[in-house]
Amino acid sequence: MRFHPSDDQLALRDAVRRYLGDVCDGGVRRQAVEGDIAGAAELWRGCAELGLTGLVVPEEYGGLGLGLIDLALISDVFGYEAAPAPFLGHALATLAIAQGGSPGQKADLLPRLATGEVTAALAIGEGGEAWSPHAWRIDVEAGRIRGAKHFVTAATEADIAVVGTRGGALGVVDCRDPGVTAAPIRSLDMTRPLGTLEFDGTPVDPLPGADAERLFDALLVQLAADAHGAARRAIDMTVAYVLERQQFGRRIGSFQAVKHQLANITACLVPAEPLVWYAALADGSGPADRGFAAALAKAHLADRAMDTTRTCVELHGGIGYTWDYDLHIWLKRAMFDFSYANVPTVHRARAMALRRTARVEGPSLTGLL
Amino acid sequence: MDLDLGAEYETFQKRAEDFARGWNAADAGVRDAEIAWRIEAAEAGLLYLDVPREYGGAGTGGDPLKDAIVRLAFHRAGAPHIPTGVGTRMMVPTILKRGTEAQKQRFVPPALSGAEIWCQGYSEPNAGSDLASLRTRAELSDGQWVINGSKIWTSGAEKSDFMFILTRTEPDAPRHRGISYLLLDMRQDGITIRPLRQMTGEAGFNEVFFDDARTPEDWIVGGRGDGWSVARTTLGFERTAINAPSVMFDVLRMITERLGTMTRMGKPLLEDEAVIDAIGVAEGYAMAHLANVLRQVSMDRAGQVPGIAATCNKLHATNVGLRLGELAQMAQGDAGLTAPPEGMTRDTMDDRFWVMRALGVTIAGGTSNIQRNIIAERGLGLPREERG
């Protein structure tokens, strides 16, 4: 039993944080927010060199062969750095192929996904809050699909997309196919711009072993991890600011009102971090335990990240409400994590519906939890 | 990371469960049976792992994961675990660290078994959060400390055999250096206990008055004036909140079960979206708390300091309690207009009781505002409060 990161995990996390931090703080994050994505493309190539594009690709296909918990630790860093990169969708789409692809699909796609030669998007949302596998309505007819997927990560830059279809099936689409139209949407979180993919009789290559529920739960865990990272960054920025900012002849961080607001959000956020780890480890449990943990983690972390980033804006005063100060980047990161793949109340309702069966089938230590 | 116990701990878990099955349910609440049970459990290597055998422990070395396994096994079997209260939680670790050999031999074994019950003499009417301003004084006279003054919010004073008490022994020293940590027999004429009635109707805590109460000269832990540093040996809640999770889930289960039996205007309460969401919110906090405890257990075992993860324990546990209080209130309806039945305690609690009980946690053992100062100052590195 070990329920805190290993030295190897911390070393990888720190290396990723150093790289993303240097590049993002060096201006690439701000450029992306202003709509200039040249630096972001360079950042993504750097991520590929670090192996982050192949984090969950098995070693035999040229990846790092890491698991969902490692992915969550890295998603946390992407949130912390608000890195403008198609990491989330690429990681999940890659996971879908690694878990559900045929030997031929894996051999064809995984090595190129691992090197970053191919960037993948995750196309699941259909609008009107239709996010989860049972809500997917796009039919596969004679190996082709028609219709639209909304809120697709990196829709305009991706080479392939993993698309959810009716009955909780998943398939791979070539985004360069003439039957695919990609259009950007005005996105709130400019570090993760979204788009719409329209399919007009587009060929789809079904993933025969796909488990869409499991993939959806994995997505929830990564959103929770990203939300934690974003919120943690907002706290760190705010602590630095209140130690600097002087009013009434003293640092505002010496006022108890300010300290207590920071303590409140810290006391809620810090204990929530291992809930993400727990949900990542529950990937190895039965579907009820896994779904319960993932849904609860996504709901809880999204709420905590919103409480945290909102309070941090308030603590900054006017400067925190400006476009030019960076804090709103993390507020919007949290807002993305809140709404993407549905809002917390929806996930809590699912978690509560699963609650009776969950924990019965969990790992032996779930009883201690 | 993994959540598998592994062979060694699975064997230990089986041993703990086998042992727990030996508890006779008919003995529940029978004091002598519970005392004997704890002594046996310690000898069997299941309780007090970090306490040496000569003082009534198992002497096998501390292992927080084994502690968690035993706590769960005993909890499931309804068997007595470590006595609740400040004796095992605060007095024993303090004495083991700072006490004399004679004090260890005299006081530790009966506190561990529950044969002797302890209470804490810290707060005074004018020394609450600002504990170092305490004024109860002790003076040496004929080889005895003579104590005068009063303490307040003393939980369990009426059933306690002993008190560990902070007293002012060096009135001319700076206030933190004028305090001594004494041990005191509660069964003497110089002590008067007056119960304070809580808003729940319970008489859980007391005022305690000292009128020439006496204790032997060598019942001092540490030296004269060392009391503040001795008391800080055991930083109250940081570790002990680790005991809370099973209670949290018991209460959550109890409230949810009650909600499951209720209807409101013909509709089952558990089909109400607001109720479902409120349960989910409480469960989210409770699961986070559990995960955070497990992280601390894991880090402890690896010899790492949990740091801010532990600093947040008390305030976070309080947050869970408040969410449970809100849920309990949802479960009430019209019943929320009537008083809880006479003689209700935490063991027979109902929902009305929990709405109020959850508030007690925001105050007991270091108020939430003091916890916020600690998190901000020690956890986040913000400037310390100015002291008068």
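Quick note on labels: first sequence line is chain A, next is B, and so on, each numbered from 1. Only a predicted model underlies this, so the values are computations on that prediction, with no experimental measurement involved. Both backbone and side-chain heavy atoms feed into the values below; hydrogens, waters and symmetry mates do not.
Remark: A/Phe336 engages A/Tyr340 in a ring pair (Phe, Tyr, Trp, His ring centres under 6.0 Å) (not counting sequence neighbours).
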TODO: Mind running side chain to side chain contact (heavy atoms under 4.5 Å, CB included) on A/Asn264 and B/Asn319 for me, showing each step along the way?
DONE: CA-CA 10 Å; A/Asn264 280 340; B/Asn319 285 337; over 6 Å; no
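In this structure, the portions of A/Thr345 lying under 4.5 Å from any heavy atom of chain B include both its backbone and its side chain. Residue B/Ala302 touches chain A through its side chain alone, counting heavy-atom pairs closer than 4.5 Å. Looking at A/Ile69, only its side chain comes within 4.5 Å of chain B, counting heavy atoms on both sides. Proximity to chain A involves both the backbone and the side chain of B/Asp277, based on heavy atoms less than 4.5 angstrom apart. Only the backbone of B/Arg384 comes within less than 4.5 Å of a heavy atom of chain A; no side-chain atom from C-beta onward does. Contact annotation for B/Tyr9: neither backbone nor side-chain heavy atoms come within less than 4.5 Å of a heavy atom of chain A.
Scanning residues 248-261 of chain A against chain B with a 4.5 Å non-hydrogen threshold yields A/Arg251, A/Gly253, A/Ser254, A/Gln256, A/Lys259, A/His260, sorted by number. Residue-level contacts of residues 230-240 of chain A with chain B, in order of numbering, are A/Arg232, A/Ile235, A/Val239; threshold 4.5 Å between heavy atoms.
With rounding to the nearest 0.5 angstrom, the NE2 atom of A/His300 is 10.5 Å from the CE atom of B/Met287. The line from CZ of A/Arg2 to CG of B/Leu65 is 13.0 Å long, rounded to the nearest 0.5 Å. Here the straight-line distance linking atom CG of B/Asp4 with atom CG of A/Leu281 works out to 9.0 Å at 0.5 Å rounding. The OG1 atom of A/Thr266 sits 11.5 Å away from atom NE2 of B/His316, with the distance rounded to the nearest 0.5 Å. For the atom pair CG (B/Leu3) and CE (A/Met1), the distance works out to 7.0 Å, reported to the nearest 0.5 Å.
Counting heavy-atom pairs closer than 4.5 Å to chain A, the top residue among B/Ala309, B/Gly284, B/Ala286 is B/Gly284. When B/Ile375, B/Val281, B/Leu382, B/Ile308 are compared by the number of non-hydrogen pairs under 4.5 Å with chain A, B/Leu382 comes out ahead. Ranked by heavy-atom pairs under 4.5 Å with chain B, the list A/Ala280, A/Pro274, A/Ala295 is led by A/Pro274. Residue with the most contacts toward chain A among B/Asn369, B/Ile276, B/Thr256: B/Asn369 (heavy-atom pairs, distance under 4.5 Å). Options A/Ser6, A/Cys268, A/Gly67 differ in how many heavy-atom pairs under 4.5 Å they form with chain B, and the most are formed by A/Cys268.
The backbone N or O of A/Glu273 sits nowhere less than 3.5 Å from a side-chain atom of B/Arg295 that would complete a donor-acceptor pair.
Nearest heavy atom pair, residue B/Ala288 against residue A/Ala272, reads CB-CA, 4.0 Å. Minimum heavy-atom separation, B/Ala376 to A/Ala263: N-CB, 4.3 Å. Between A/Phe3 and B/Met1 the shortest heavy-atom distance is C-SD, 4.0 Å.
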Determine all donor-acceptor pairs shorter than 3.5 Å in which one atom belongs to a side chain in residues 320-330 of chain B; sequence neighbours excluded.
from	atom 1	to	atom 2	distance (Å)
B/Arg323	NE	B/Glu326	OE1	3.4

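Within a 6.0 Å sphere centred on CD of A/Glu244, other residues, nucleotides and ligands contribute 12 heavy atoms or fewer.
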